[in-house]
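Following: one structure in structure tokens, then a few remarks.
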There are 2 protein chains.
Amino acid sequence: METGLPKFDSAFSIDCVIFGFEAGELKILLIERAEDPFKDWWALPGNLVENDEGIESAATRILYELTGWRELHMEQFHTFGDVNRHPLGRVITVAYYALIRINGKKEVKPVTQYAKKAFWHPINDLPRLGFDHSDIFETSIQKLRRRLSYQPIAFELLPEKFTLTQLQLLYEAILNKKLDKRNFRKKMLSYGFLKELDEKQKGVSYRAAKLYKFDRRKYNKIFQNDMNEE
Amino acid sequence: METGLPKFDSAFSIDCVIFGFEAGELKILLIERAEDPFKDWWALPGNLVENDEGIESAATRILYELTGWRELHMEQFHTFGDVNRHPLGRVITVAYYALIRINGKKEVKPVTQYAKKAFWHPINDLPRLGFDHSDIFETSIQKLRRRLSYQPIAFELLPEKFTLTQLQLLYEAILNKKLDKRNFRKKMLSYGFLKELDEKQKGVSYRAAKLYKFDRRKYNKIFQNDMNEE
DNA sequence: AAGATACTGTGTAATTTTTACACTATCTTA
DNA sequence: TAAGATAGTGTAAAAATTACACAGTATCTT
């Protein structure tokens with residue numbers, strides 16, 4: 001396409017902070033880079049945006065290529081555009097966070113050529129990251145926290161059926177602080193979008209807890225004019 | 001600079017939603033375009049990002065070129081990257097909002113070649129805008145509202161000395177709802193970052209109100225571990 | 001089967017925050 | 001000095017938040 005606009009010796013990319021929750025810990029998916037720059041370093045998954053591709057679809061595509069998953073909860077949270085953030089040239093990157101249900105797979109096989117492998121890393125024990133990805137991660141967790149305070153996005157990280165304790169542990173992991181059990185339950189249940197199931201936790205060596213699920217229909221009904229608007 | 005990266009037939013830009021508050025109304029600064037596309041349409045001020053320029057500095061520069069003002073409160077709030085948002089080609093735009101003190105000037109003389117003139121428009125009576133700028137504006141006001149709920153950014157829009165009524169009118173204009181006078185005052189004063197001055201409003205034909213100013217030092221002290229972190 | 005282990009599930013009182021609401025005080029102008 | 005216009009103020013009720021501890025139940029061990 002001839003645009004009539006000046007040509008730029010520069011590029012856009014998408015970087016993704018992919019959050020998962022497992023074993024009571026909040027984790028992000030990192031790739032080990034197979035190529036320079038930052039060969040052998042850990043980095044956030046990301047890639048260049050094609051010229052004929054919207055940034056939303058680019059983010060979806062990149063996530064799909066890496067994980068094989070679609071329809072994840074994704075949220076654009078910031079764009080990083082320092083001139084020197086990429087050693088090879090001008091690359092402006094639009095950062096997204098994604099929330100996924102880990103479901104036990106620890107390793108994810110990336111299909112792409114630029115990454116050797118991908119692993120989940122607990123956010124409290126991250127390796128050094130290439131580029132400015134540590135900054136990007138820091139920003140992402142702050143935005144995620146803020147978001148959680150007005151939208152119940154945590155459910156995107158849990159299995160469909162979960163216990164209130166699991167939910168609380170997740171909130172604690174994201175907010176990085178202990179919460180009071182009774183107050184937490186009271187509050188969560190008061191929202192009215194949790195559906196209690198006739199089912200209990202299985203495979204635990206102690207009293208099994210009730211399972212709940214997030215009732216999105218009820219949620220939308222209740223909060224259509226509140227928390228829902230962006 | 002030779003980057004080794006593929007060349008893109010595409011461009012970055014910055015668009016700014018510049019908020020001002022005047023005569024009890026929240027306004028934004030629009031330019032009338034002198035060039036195609038959207039010649040003679042109103043649009044948000046914005047421009048391309050130079051290749052050797054960070055996006056923060058580009059935003060600062062663009063704002064300065066248009067208004068002559070520096071050191072405004074600016075905040076990046078979203079990046080728009082649909083393939084077809086710009087009729088001439090692929091332009092990804094990083095959107096910022098800026099808050100400025102109008103101080104009575106209604107017209108701002110833009111120095112740039114692409115804009116005929118710039119005018120303040122009340123946000124409740126905006127003309128049709130070129131490109132996807134109406135979407136960008138909508139997003140900006142939502143982000144601004146959200147932000148105001150946890151950070152006292154309103155002061156950036158008021159003169160240094162202001163009355164509590166002025167402050168309340170501004171909150172009402174941003175949040176688009178009436179607030180209770182007594183409750184508003186009680187709450188604002190309770191934060192402890194408003195400094196009451198030994199001075200009164202002048203030039204009004206009724207009882208003059210006390211003037212206050214925002215005490216940024218106190219604010220930082222009080223909220224350093226709370227509202228302050230991003 | 002008895003006891004140890006480990007987590008589930010529950011209520012209340014105190015405190016803080018939010019909300020609703022109306023009149024007097026002060027200044028200016030005619 | 002009266003009329004007009006906004007400033008400035010308090011309280012009570014309701015709602016939300018916080019702090020706090022133990023009995024119940026399933027499983028496992030011996």
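Order of the sequence lines sets the chain letters (A, B, ...), proteins ahead of strands, with each chain counted from 1.
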In A/Y171, A/F21, A/F162, A/Y219, the residue satisfying ring pair (Phe, Tyr, Trp, His ring centres under 6.0 Å) with A/F155 is A/F162

Length of the CZ-P vector between A/R185 and D/dT17, whole Å
18 Å

Would you tabulate the pairs of protein nitrogen or oxygen atoms and nucleotide nitrogen or oxygen atoms of nucleotides 12-15 of chain C closer than 3.5 angstrom?
from: C/dT12; atom 1: O4; to: A/K186; atom 2: NZ; distance (Å): 3.0

Please state how far atom NZ in B/K210 lies from atom C1' in D/dT9, giving the value in whole angstrom units.
10 Å

Distance-minimising heavy-atom pair for B/Q168 and B/D180
NE2-C, 4.0 Å

Taking atom types as modelled, find out whether A/T165 and A/R185 have a side-chain donor-acceptor pair closer than 3.5 angstrom.
yes

Using 4.0 Å as the upper bound for N to carboxylate O, is an ion pair formed by A/E75 and A/R147?
yes

Along DNA chain D (nearest heavy atom to each residue), the more 5'-positioned of B/D180 and A/D180:
B/D180

Distance check needed: C/dG9 C1' versus A/M188 CE, whole Å only.
17 Å

Parallel, tilted or perpendicular: rings of B/H133 and B/F131 (30°, 60°)
tilted

So does A/D15 pair up with A/R85, basic N to acidic O under 4.0 Å?
yes

Under a 4.0 Å N-O cut-off, is there an ion pair linking B/R101 with B/E71?
no

Tell me, for nucleotides 21-30 of chain D in 5' to 3' order, what letter each nucleotide earns: B for a base near a protein heavy atom under 4.0 Å, S for only sugar-phosphate near one, - for neither?
B--BBBSS--

Distance check needed: C/dT17 C1' versus A/K187 NZ, whole Å only.
13 Å

Rounding to a whole Å, what distance do you find between A/K177:NZ and D/dT18:P?
8 Å

Given atom CZ of B/F184 and atom C1' of D/dG8, what is their separation to the nearest angstrom?
14 Å

Between the side chains of A/E56 and A/Y96, is a donor N or O closer than 3.5 angstrom to an acceptor N or O?
yes

Using a 4.0 Å heavy-atom cut-off across all strands, classify B/T165 as base, sugar-phosphate, or nothing.
sugar-phosphate

Taken to the nearest whole Å, NZ/B/K178 to C1'/C/dC21 is 15 Å

Separation of C/dC7 atom P from A/F162 atom CZ, nearest Å, is 20 Å

B/T163 backbone acceptor or donor facing B/Q166 side chain under 3.5 Å:
yes

